[in-house]
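Just so you know, these numbers use all the heavy atoms, side chains as well, and skip hydrogens, waters and symmetry mates. By convention here, the first residue in the shown sequence is residue 1.
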Amino acid sequence: MKTLTRPGEHASTNPPAVAFSSVMGICGLGLSWRAASQVLAAPPAIGEWLIAVGVILFIALSALYGIKTVRDPSIVVAEFRDPRSASNFACITVAVVIVAAAILPRAPSAALFLWALGTGSQIVLFLTLLGRWIAEPTEILHATPAWLVPIVGNVTATLPGVPLGFHETSWFLLAVGLVSWIAFLPLLLHRLIFCADKLPQRLAPSLAIFVASPAVGCLSWLQLTGRVDAVYRFILFTALFFALLVLRLWQLAVRALPVSVAWWAYTFPSAALASALIRYCQHVPGVGERLLAWAGLALTTIAVAGVGFISLRNCSLRLWLSVRSRPDHSADPPGSARTSNAVSSK
(Lines give C-alpha, C1' and ligand atoms only; values in the text may rest on other atoms or scores of the structure.)
Protein backbone atom coordinates (compact mmCIF):
# COMPACT_ATOMS: atom_id res chain seq x y z
CA MET A 1 0.00 0.00 0.00
CA LYS A 2 1.36 3.37 -0.96
CA THR A 3 0.73 6.18 1.48
CA LEU A 4 1.48 9.86 1.53
CA THR A 5 4.11 10.85 4.06
CA ARG A 6 6.32 13.82 4.56
CA PRO A 7 10.09 13.40 4.39
CA GLY A 8 11.42 11.57 7.42
CA GLU A 9 8.01 10.12 8.33
CA HIS A 10 6.76 6.55 8.02
CA ALA A 11 3.34 5.50 6.89
CA SER A 12 1.07 3.79 9.37
CA THR A 13 1.30 0.61 7.22
CA ASN A 14 5.12 0.82 7.12
CA PRO A 15 6.08 1.21 10.79
CA PRO A 16 9.72 1.68 11.78
CA ALA A 17 11.22 -0.41 14.57
CA VAL A 18 10.99 2.56 16.94
CA ALA A 19 7.18 2.36 16.69
CA PHE A 20 7.33 -0.52 19.20
CA SER A 21 8.25 2.07 21.83
CA SER A 22 4.50 2.77 21.97
CA VAL A 23 3.97 -0.78 23.24
CA MET A 24 6.71 -0.22 25.81
CA GLY A 25 5.04 2.99 27.00
CA ILE A 26 1.47 1.70 27.19
CA CYS A 27 2.29 -1.66 28.78
CA GLY A 28 4.78 0.07 31.09
CA LEU A 29 2.05 2.44 32.23
CA GLY A 30 -0.27 -0.54 32.71
CA LEU A 31 2.32 -2.19 34.95
CA SER A 32 2.64 1.06 36.91
CA TRP A 33 -1.11 1.20 37.50
CA ARG A 34 -1.06 -2.48 38.47
CA ALA A 35 1.59 -1.69 41.08
CA ALA A 36 -0.44 1.35 42.19
CA SER A 37 -3.47 -0.87 42.76
CA GLN A 38 -1.37 -2.97 45.14
CA VAL A 39 0.35 -0.10 46.97
CA LEU A 40 -1.74 3.06 46.54
CA ALA A 41 -5.22 1.47 46.43
CA ALA A 42 -5.71 2.61 42.83
CA PRO A 43 -8.47 0.98 40.72
CA PRO A 44 -7.00 -2.28 39.36
CA ALA A 45 -9.08 -2.14 36.18
CA ILE A 46 -7.08 0.82 34.82
CA GLY A 47 -3.84 -1.13 34.66
CA GLU A 48 -5.46 -4.22 33.15
CA TRP A 49 -7.20 -2.21 30.42
CA LEU A 50 -3.96 -0.42 29.55
CA ILE A 51 -2.14 -3.75 29.32
CA ALA A 52 -4.88 -5.10 27.05
CA VAL A 53 -4.51 -2.09 24.75
CA GLY A 54 -0.73 -2.50 24.73
CA VAL A 55 -0.97 -6.21 23.87
CA ILE A 56 -3.40 -5.53 21.02
CA LEU A 57 -1.11 -2.81 19.70
CA PHE A 58 1.84 -5.18 19.94
CA ILE A 59 0.03 -7.80 17.87
CA ALA A 60 -0.96 -5.20 15.25
CA LEU A 61 2.54 -3.72 14.98
CA SER A 62 4.09 -7.19 14.81
CA ALA A 63 1.81 -8.08 11.89
CA LEU A 64 2.55 -4.82 10.06
CA TYR A 65 6.29 -5.11 10.63
CA GLY A 66 6.21 -8.74 9.52
CA ILE A 67 4.50 -7.69 6.28
CA LYS A 68 7.09 -4.96 5.84
CA THR A 69 9.93 -7.44 6.36
CA VAL A 70 8.55 -9.85 3.77
CA ARG A 71 7.53 -7.19 1.25
CA ASP A 72 10.49 -4.80 1.54
CA PRO A 73 13.37 -6.61 3.26
CA SER A 74 15.84 -4.12 1.81
CA ILE A 75 14.24 -1.34 3.86
CA VAL A 76 14.60 -3.36 7.07
CA VAL A 77 18.23 -4.22 6.25
CA ALA A 78 19.04 -0.59 5.50
CA GLU A 79 17.40 0.48 8.74
CA PHE A 80 19.46 -2.06 10.66
CA ARG A 81 22.71 -1.13 8.92
CA ASP A 82 22.25 2.58 9.61
CA PRO A 83 24.15 3.39 12.85
CA ARG A 84 21.62 6.11 13.64
CA SER A 85 18.64 3.74 13.67
CA ALA A 86 20.08 0.25 14.34
CA SER A 87 19.68 0.55 18.11
CA ASN A 88 15.95 1.19 17.62
CA PHE A 89 15.52 -2.51 16.88
CA ALA A 90 15.91 -3.03 20.61
CA CYS A 91 12.45 -1.44 20.94
CA ILE A 92 11.09 -4.66 19.43
CA THR A 93 12.90 -6.97 21.84
CA VAL A 94 12.09 -4.79 24.85
CA ALA A 95 8.44 -4.69 23.79
CA VAL A 96 8.37 -8.49 23.68
CA VAL A 97 9.81 -8.69 27.21
CA ILE A 98 7.43 -6.01 28.55
CA VAL A 99 4.43 -7.85 27.10
CA ALA A 100 5.72 -11.02 28.79
CA ALA A 101 5.87 -9.21 32.14
CA ALA A 102 2.38 -7.79 31.58
CA ILE A 103 0.63 -11.08 30.77
CA LEU A 104 2.59 -13.21 33.26
CA PRO A 105 -0.14 -13.33 35.96
CA ARG A 106 -2.79 -14.47 33.45
CA ALA A 107 -0.84 -16.49 30.86
CA PRO A 108 2.41 -17.82 32.36
CA SER A 109 3.11 -20.24 29.48
CA ALA A 110 2.80 -17.49 26.86
CA ALA A 111 4.85 -15.18 29.07
CA LEU A 112 7.62 -17.79 29.30
CA PHE A 113 7.71 -18.15 25.52
CA LEU A 114 7.80 -14.38 24.96
CA TRP A 115 10.45 -13.91 27.65
CA ALA A 116 12.70 -16.56 26.10
CA LEU A 117 12.19 -15.09 22.62
CA GLY A 118 12.71 -11.49 23.70
CA THR A 119 15.66 -12.17 26.00
CA GLY A 120 17.51 -14.34 23.50
CA SER A 121 16.93 -11.84 20.71
CA GLN A 122 17.98 -9.00 22.99
CA ILE A 123 21.33 -10.61 23.86
CA VAL A 124 22.05 -11.40 20.20
CA LEU A 125 21.13 -7.87 19.17
CA PHE A 126 23.29 -6.23 21.82
CA LEU A 127 26.29 -8.42 20.96
CA THR A 128 25.79 -7.62 17.26
CA LEU A 129 25.60 -3.87 17.81
CA LEU A 130 28.47 -3.77 20.29
CA GLY A 131 30.64 -5.85 17.99
CA ARG A 132 29.84 -3.57 15.06
CA TRP A 133 30.66 -0.43 17.04
CA ILE A 134 34.03 -1.93 18.00
CA ALA A 135 35.00 -3.57 14.70
CA GLU A 136 33.72 -0.98 12.21
CA PRO A 137 34.49 2.74 11.88
CA THR A 138 32.01 4.56 14.09
CA GLU A 139 31.67 8.31 14.40
CA ILE A 140 30.95 9.99 17.71
CA LEU A 141 28.09 11.91 16.08
CA HIS A 142 26.32 8.61 15.47
CA ALA A 143 26.02 8.15 19.23
CA THR A 144 22.61 9.16 20.53
CA PRO A 145 20.67 8.35 23.71
CA ALA A 146 18.93 5.64 21.66
CA TRP A 147 22.13 3.61 22.06
CA LEU A 148 20.96 3.01 25.62
CA VAL A 149 17.84 1.12 24.49
CA PRO A 150 19.66 -2.22 23.98
CA ILE A 151 21.22 -1.74 27.41
CA VAL A 152 17.78 -1.07 28.92
CA GLY A 153 16.58 -4.24 27.25
CA ASN A 154 19.05 -6.40 29.17
CA VAL A 155 17.90 -4.97 32.49
CA THR A 156 14.20 -5.10 31.57
CA ALA A 157 14.43 -8.83 30.88
CA THR A 158 14.99 -9.44 34.60
CA LEU A 159 11.50 -8.17 35.49
CA PRO A 160 9.65 -11.25 34.19
CA GLY A 161 12.75 -13.43 34.46
CA VAL A 162 12.78 -13.57 38.25
CA PRO A 163 9.13 -14.62 38.77
CA LEU A 164 9.54 -17.14 35.93
CA GLY A 165 12.31 -18.79 37.96
CA PHE A 166 15.40 -17.66 36.04
CA HIS A 167 17.15 -16.07 38.98
CA GLU A 168 20.78 -16.50 37.95
CA THR A 169 20.05 -15.52 34.35
CA SER A 170 18.44 -12.36 35.67
CA TRP A 171 21.56 -11.57 37.70
CA PHE A 172 23.59 -11.96 34.52
CA LEU A 173 21.28 -9.64 32.58
CA LEU A 174 21.31 -7.01 35.33
CA ALA A 175 25.11 -7.11 35.57
CA VAL A 176 25.52 -6.70 31.80
CA GLY A 177 22.99 -3.88 31.71
CA LEU A 178 24.35 -1.86 34.62
CA VAL A 179 28.01 -2.20 33.60
CA SER A 180 27.18 -1.24 30.01
CA TRP A 181 25.16 1.74 31.21
CA ILE A 182 28.03 2.95 33.37
CA ALA A 183 30.40 2.56 30.38
CA PHE A 184 28.19 4.29 27.80
CA LEU A 185 26.93 7.14 29.99
CA PRO A 186 30.18 9.20 29.88
CA LEU A 187 30.45 8.61 26.12
CA LEU A 188 26.96 9.94 25.46
CA LEU A 189 27.37 12.91 27.79
CA HIS A 190 30.63 13.78 26.02
CA ARG A 191 28.86 13.66 22.66
CA LEU A 192 25.98 15.82 23.87
CA ILE A 193 28.09 18.41 25.71
CA PHE A 194 31.33 18.84 23.83
CA CYS A 195 30.53 18.09 20.17
CA ALA A 196 29.86 21.15 18.06
CA ASP A 197 27.08 19.35 16.17
CA LYS A 198 24.37 19.12 18.79
CA LEU A 199 21.70 16.47 18.92
CA PRO A 200 19.16 17.00 16.10
CA GLN A 201 15.98 18.65 17.35
CA ARG A 202 13.80 15.76 16.19
CA LEU A 203 15.77 13.45 18.53
CA ALA A 204 15.35 15.66 21.60
CA PRO A 205 12.70 13.33 23.13
CA SER A 206 15.31 10.55 23.19
CA LEU A 207 17.01 12.35 26.10
CA ALA A 208 14.36 10.75 28.31
CA ILE A 209 16.07 7.39 27.73
CA PHE A 210 18.68 8.51 30.26
CA VAL A 211 15.97 7.93 32.88
CA ALA A 212 15.12 4.42 31.73
CA SER A 213 18.33 2.54 32.61
CA PRO A 214 18.52 3.48 36.32
CA ALA A 215 14.72 3.36 36.74
CA VAL A 216 14.47 -0.18 35.37
CA GLY A 217 17.70 -1.05 37.17
CA CYS A 218 16.33 -0.38 40.63
CA LEU A 219 13.16 -2.35 39.81
CA SER A 220 15.35 -5.27 38.76
CA TRP A 221 17.39 -4.95 41.94
CA LEU A 222 14.19 -5.13 43.98
CA GLN A 223 13.07 -8.22 42.04
CA LEU A 224 16.37 -9.97 42.74
CA THR A 225 16.92 -8.94 46.37
CA GLY A 226 13.39 -8.26 47.60
CA ARG A 227 14.39 -5.15 49.52
CA VAL A 228 14.78 -1.40 49.15
CA ASP A 229 18.30 -0.84 50.43
CA ALA A 230 21.11 1.62 49.81
CA VAL A 231 21.72 0.31 46.30
CA TYR A 232 18.04 0.74 45.38
CA ARG A 233 18.05 4.29 46.72
CA PHE A 234 21.27 5.12 44.88
CA ILE A 235 19.92 3.95 41.52
CA LEU A 236 16.44 5.41 42.07
CA PHE A 237 17.71 8.86 42.97
CA THR A 238 20.00 8.77 39.93
CA ALA A 239 16.95 8.14 37.76
CA LEU A 240 15.10 10.93 39.55
CA PHE A 241 17.97 13.33 38.86
CA PHE A 242 17.95 12.52 35.15
CA ALA A 243 14.17 13.06 35.14
CA LEU A 244 14.74 16.55 36.57
CA LEU A 245 17.38 17.14 33.88
CA VAL A 246 14.90 16.19 31.15
CA LEU A 247 12.38 18.63 32.64
CA ARG A 248 15.11 21.29 32.74
CA LEU A 249 15.60 20.81 28.97
CA TRP A 250 11.94 21.32 28.12
CA GLN A 251 12.89 23.91 25.51
CA LEU A 252 14.44 21.17 23.37
CA ALA A 253 11.16 19.28 23.41
CA VAL A 254 9.31 22.39 22.24
CA ARG A 255 11.73 22.73 19.34
CA ALA A 256 11.08 19.09 18.43
CA LEU A 257 7.40 19.81 17.74
CA PRO A 258 5.21 18.60 16.10
CA VAL A 259 4.75 15.35 18.00
CA SER A 260 6.09 12.34 16.10
CA VAL A 261 6.79 8.69 16.84
CA ALA A 262 10.03 9.79 18.54
CA TRP A 263 7.95 11.29 21.36
CA TRP A 264 7.09 7.81 22.61
CA ALA A 265 10.60 7.89 24.08
CA TYR A 266 9.13 9.92 26.94
CA THR A 267 6.63 7.25 27.95
CA PHE A 268 8.51 4.10 28.94
CA PRO A 269 11.21 5.84 31.02
CA SER A 270 8.58 7.80 32.91
CA ALA A 271 6.51 4.64 33.44
CA ALA A 272 9.57 2.81 34.80
CA LEU A 273 10.32 5.71 37.13
CA ALA A 274 6.70 5.81 38.32
CA SER A 275 6.84 2.07 39.12
CA ALA A 276 10.14 2.54 40.96
CA LEU A 277 8.66 5.37 43.03
CA ILE A 278 5.58 3.28 43.83
CA ARG A 279 7.71 0.40 45.05
CA TYR A 280 9.84 2.82 47.04
CA CYS A 281 6.67 4.12 48.71
CA GLN A 282 5.67 0.53 49.48
CA HIS A 283 8.86 -0.14 51.44
CA VAL A 284 9.43 3.39 52.77
CA PRO A 285 5.93 4.61 53.67
CA GLY A 286 5.42 8.32 54.16
CA VAL A 287 3.35 11.25 52.97
CA GLY A 288 6.12 12.66 50.80
CA GLU A 289 6.90 9.29 49.24
CA ARG A 290 3.20 8.71 48.54
CA LEU A 291 2.80 12.12 46.89
CA LEU A 292 5.90 11.51 44.80
CA ALA A 293 4.56 8.15 43.64
CA TRP A 294 1.19 9.66 42.67
CA ALA A 295 2.94 12.54 40.88
CA GLY A 296 5.05 10.14 38.83
CA LEU A 297 2.02 8.05 37.94
CA ALA A 298 -0.05 11.10 36.98
CA LEU A 299 2.66 12.62 34.78
CA THR A 300 3.22 9.31 33.03
CA THR A 301 -0.49 8.90 32.40
CA ILE A 302 -0.70 12.39 30.91
CA ALA A 303 2.34 11.73 28.71
CA VAL A 304 1.01 8.42 27.36
CA ALA A 305 -2.48 9.83 26.83
CA GLY A 306 -1.20 12.93 25.03
CA VAL A 307 1.30 11.18 22.76
CA GLY A 308 -1.15 8.33 22.13
CA PHE A 309 -3.99 10.67 21.13
CA ILE A 310 -1.80 12.66 18.74
CA SER A 311 -0.29 9.49 17.25
CA LEU A 312 -3.75 8.00 16.69
CA ARG A 313 -4.89 11.23 15.06
CA ASN A 314 -1.84 11.31 12.78
CA CYS A 315 -2.29 7.68 11.74
CA SER A 316 -5.97 8.27 10.96
CA LEU A 317 -5.10 11.36 8.93
CA ARG A 318 -2.45 9.52 6.91
CA LEU A 319 -4.79 6.60 6.25
CA TRP A 320 -7.51 9.02 5.09
CA LEU A 321 -5.05 10.81 2.81
CA SER A 322 -3.86 7.52 1.33
CA VAL A 323 -7.45 6.54 0.51
CA ARG A 324 -8.15 9.98 -0.99
CA SER A 325 -5.00 9.74 -3.12
CA ARG A 326 -6.09 6.54 -4.90
CA PRO A 327 -7.74 7.10 -8.29
CA ASP A 328 -11.33 5.93 -8.39
CA HIS A 329 -12.05 3.96 -11.60
CA SER A 330 -15.33 2.50 -10.44
CA ALA A 331 -17.34 5.03 -12.44
CA ASP A 332 -15.51 4.35 -15.73
CA PRO A 333 -17.54 2.54 -18.41
CA PRO A 334 -16.40 -0.97 -19.30
CA GLY A 335 -15.02 0.07 -22.67
CA SER A 336 -13.13 3.16 -21.47
CA ALA A 337 -9.40 3.55 -22.08
CA ARG A 338 -8.48 3.38 -18.41
CA THR A 339 -10.48 0.16 -17.96
CA SER A 340 -8.91 -1.42 -21.02
CA ASN A 341 -5.43 -0.45 -19.91
CA ALA A 342 -6.04 -1.89 -16.46
CA VAL A 343 -7.27 -5.19 -17.95
CA SER A 344 -4.36 -5.42 -20.37
CA SER A 345 -1.83 -4.67 -17.61
CA LYS A 346 -3.23 -7.52 -15.57
I'd like to know if the side chain of T119 reaches the main chain of A157, judged simply by a donor and an acceptor atom lying under 3.5 Å from each other, with no hydrogens or angles considered.
no
With clusters defined by side-chain heavy atoms of hydrophobic residues (ILVMFWY) lying less than 4.5 Å apart, directly or transitively, does L148 cluster with I235?
yes
Shortest non-hydrogen contact from P145 toward I209:
O-CG2, 3.6 Å
Same cluster for L57 and W49 if Ile/Leu/Val/Met/Phe/Trp/Tyr side chains link at under 4.5 Å?
no
Given side chain to side chain contact (heavy atoms under 4.5 Å, CB included), test L192 with L207 step by step and report yes or no.
CA-CA 10 Å; L192 295 174; L207 292 171; 3.8 Å; yes
Partners meeting salt bridge (charged side-chain N to carboxylate O under 4.0 Å, His left out) with D229 (sequence neighbours left out):
R227
Sorted by first residue and then second, give each salt bridge (charged side-chain N to carboxylate O under 4.0 Å, His left out) pair with at least one member in residues 20-43; sequence neighbours left out.
R34-E48
Taking ring pair (Phe, Tyr, Trp, His ring centres under 6.0 Å) as the test, write out the residues that go with F80, two or more places apart.
F89
Are L203 and L247 connected into the same hydrophobic cluster when the rule is that any two of I, L, V, M, F, W, Y join if their side-chain heavy atoms are below 4.5 Å apart?
no
Are side-chain heavy atoms of I140 and L187 found at a separation under 4.5 Å?
yes
Close side-chain approach of P150 and Q122, heavy atoms under 4.5 Å
yes
Ignoring hydrogens and angles, tell me if any N or O in the side chain of S85 forms a donor-acceptor pair with the backbone of E79 under 3.5 Å.
yes
Worked verdict on Q223 versus T158 for side chain to side chain contact (heavy atoms under 4.5 Å, CB included):
CA-CA 8 Å; Q223 282 275 52; T158 65; 5.6 Å; no
Begin with the C-alpha distance, continue with both residues' side-chain angles, and end with the deciding distance and a verdict on side chain to side chain contact (heavy atoms under 4.5 Å, CB included) for C91 and W264.
CA-CA 11 Å; C91 293; W264 282 102; over 6 Å; no
Checking ring pair (Phe, Tyr, Trp, His ring centres under 6.0 Å) between W147 and each of W181, F126, W133, F210, which is the one that passes?
W133
Taking a hydrophobic cluster as the set of Ile, Leu, Val, Met, Phe, Trp and Tyr residues connected by side-chain heavy atoms closer than 4.5 Å, whether directly or through intermediates, do V124 and F166 fall within one such cluster?
no
Assess the residue pair I98 and F58 against the criterion (side chain to side chain contact (heavy atoms under 4.5 Å, CB included)); give the C-alpha distance rounded to whole Å, side-chain angles, the decisive distance to 0.1 Å, and a yes or no.
CA-CA 10 Å; I98 287 294; F58 172 73; over 6 Å; no
If we ignore angles and hydrogens, is there a donor and acceptor under 3.5 Å between the side chains of W33 and T301?
yes
State whether the number of non-hydrogen atoms from other residues, nucleotides or ligands found under 6.0 Å of R202 atom CZ is greater than 12.
no
Just jot down the salt bridge (charged side-chain N to carboxylate O under 4.0 Å, His left out) partners of E168, sequence neighbours excluded, or say none.
none
Looking only at non-hydrogen atoms, find the nearest pair between A110 and I103 and report the distance.
CB-CD1, 3.9 Å
Quick one: salt bridge (charged side-chain N to carboxylate O under 4.0 Å, His left out) pairs with a partner in residues 84-102, sequence neighbours left out?
D82-R84
Review item, side-chain donor-acceptor pairs of residues 268-283, under 3.5 Å, at least two apart:
from : atom 1 : to   : atom 2 : distance (Å)
S270 : OG     : Y266 : O      : 2.8
S270 : OG     : T267 : O      : 2.8
S275 : OG     : S32  : OG     : 2.7
S275 : OG     : A271 : O      : 3.2
R279 : NH1    : Q38  : OE1    : 3.4
R279 : NH1    : Q282 : OE1    : 2.9
R279 : NH2    : Q38  : OE1    : 3.0
H283 : ND1    : R279 : O      : 3.1

Tell me whether L292 shares a hydrophobic cluster with I302, the cluster being built from Ile, Leu, Val, Met, Phe, Trp, Tyr side chains joined at under 4.5 Å.
no
Tell me if a side-chain donor or acceptor on S121 pairs with a main-chain N or O of G118 at a distance below 3.5 Å.
no
Crowding at CZ, F309 (>12 non-hydrogen neighbours, <6.0 Å):
no
So, K68 side chain and P73 main chain: donor-acceptor pair closer than 3.5 Å or not?
no
